[in-house]
Amino acid sequence: LSPLFLDSMAQDGESKGFQLCMIVIGIGLMAGFVYFLVWENTRPGDTKYTVTITSVDGLDPALDLHSDRRALSPVFGITVHIDNTHNQIVEKCVGGVGSSAIVSYGDALLAKGTAPWFCVQTTKVGEAATKAWGLNVQLPHFLRDRLAGELERGQAVVDVAVRTPAGAGCYINGCLDTVLVCKAKIGGGPSPCFRATTVSGTTRNR
């Protein structure tokens, strides 16, 4: 074989190797870009959850909290709001069978209800209303006095937790619940929540 032919083959090999290298680099850059887009649109901070206490019965400072009656039977109107406008990949869901909406004050349980199942599609917003109630709730006197004073001043804040069974998926070892943890002001507007994950007693997939 002539030296010119061998030199031409070597150059062709180098050219093909360079082209292959550039293709691999291009695929890597594209995969990284796609991963960034998915991460950017699905990170937990992009979906905002809020809870609003829309109504309260059975916690009148004069009639209920300052009276001689020990037991309380409060009823809370609760609205859960999901802002999914910045999420372009995954819908977000809350509530459903086995769910719970729990209202507490100073670590004392005040009321409990269920949250209706609802989902919010990507780039959308949505909300659902529910009720939580308590029957013959025994609240310690120091908490009654503190809550009565805060209600009279318009400063009462309660803890609200909305649990969604298997909200974070089911796996070989069991399911994970999602819990919206919120501090909601009575008589105030929407209060921000953070979304936590906890081990579930649920064993089935949704």
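Checking side-chain atoms of Asn84 against main-chain N and O of Gly126 turns up no donor-acceptor pair under 3.5 Å. In this structure, Thr164 contributes its side chain and Gly95 its backbone to a donor-acceptor pair below 3.5 Å. Of the possible donor and acceptor atoms, none in the side chain of Asn136 sits under 3.5 Å from a partner among the backbone N and O of Gln138. Remark: the backbone N or O of Ala115 is paired with a side-chain donor or acceptor of Ser99 at under 3.5 angstrom.
Between Ser104 and Val158 there is no side-chain heavy-atom pair separated by less than 4.5 Å. Contact check for Thr79 versus Val51: no side-chain heavy atoms found under the 4.5 Å cut-off. Counting only heavy atoms from C-beta outward, the side chains of Leu72 and Leu59 approach each other to under 4.5 Å. Proximity of His81 to Tyr49: side-chain heavy atoms (C-beta onward) are nowhere separated by under 4.5 Å. Annotation: side chain of Thr197 is not in contact with side chain of Asp177 (no heavy-atom distance under 4.5 Å). Two residues are said to be in side-chain contact when any heavy atoms from C-beta on lie closer than 4.5 Å; Lys185 and Ile53 fail this criterion. Side-chain contact between Trp117 and Val94 is absent, with no heavy atoms from C-beta onward closer than 4.5 Å. Pro192 places none of its side-chain heavy atoms less than 4.5 Å from the side chain of Lys183.
Checked by atom type, the side-chain pair Glu91/Gln121 shows a donor-acceptor distance below 3.5 Å.
Of all heavy-atom pairs spanning Ile78 and Ala132, the tightest one is CD1-CB, 3.9 Å. In terms of heavy-atom proximity, Thr52 sits nearest to Gly188 at CG2-O, 4.0 Å. Heavy-atom minimum distance, Lys92 versus Ile82: O-CD1, 4.1 Å. When every heavy atom of Ala108 is checked against every heavy atom of Leu139, the shortest pair comes out as CB-CD1, 3.5 Å. Contact between Gly113 and Trp133 at its shortest, heavy atoms only, is CA-CZ3, 4.2 Å. Here the shortest heavy-atom pairing between Ala161 and Val179 reads CB-CG1, 4.2 Å.
Here OH of Tyr105 is found 3.5 Å from CD of Glu150. Values are rounded to the nearest 0.5 Å. In this structure, CG in Leu180 is found 6.5 Å from OG1 in Thr178, a value given to the nearest 0.5 Å. Separation of atoms OG1 (Thr47) and CG (Asp83) is listed at 8.0 Å; rounding is to 0.5 Å. Thr198 OG1 to Arg163 CZ: the interatomic distance, rounded to the nearest 0.5 Å, is 5.0 Å.
Val56 and Leu143 fall within a single hydrophobic cluster, where Ile, Leu, Val, Met, Phe, Trp and Tyr side chains are chained together by heavy-atom contacts under 4.5 Å.
The side chain to side chain donor-acceptor pair (under 3.5 Å) test applied to Thr122 returns no partner, not counting sequence neighbours.
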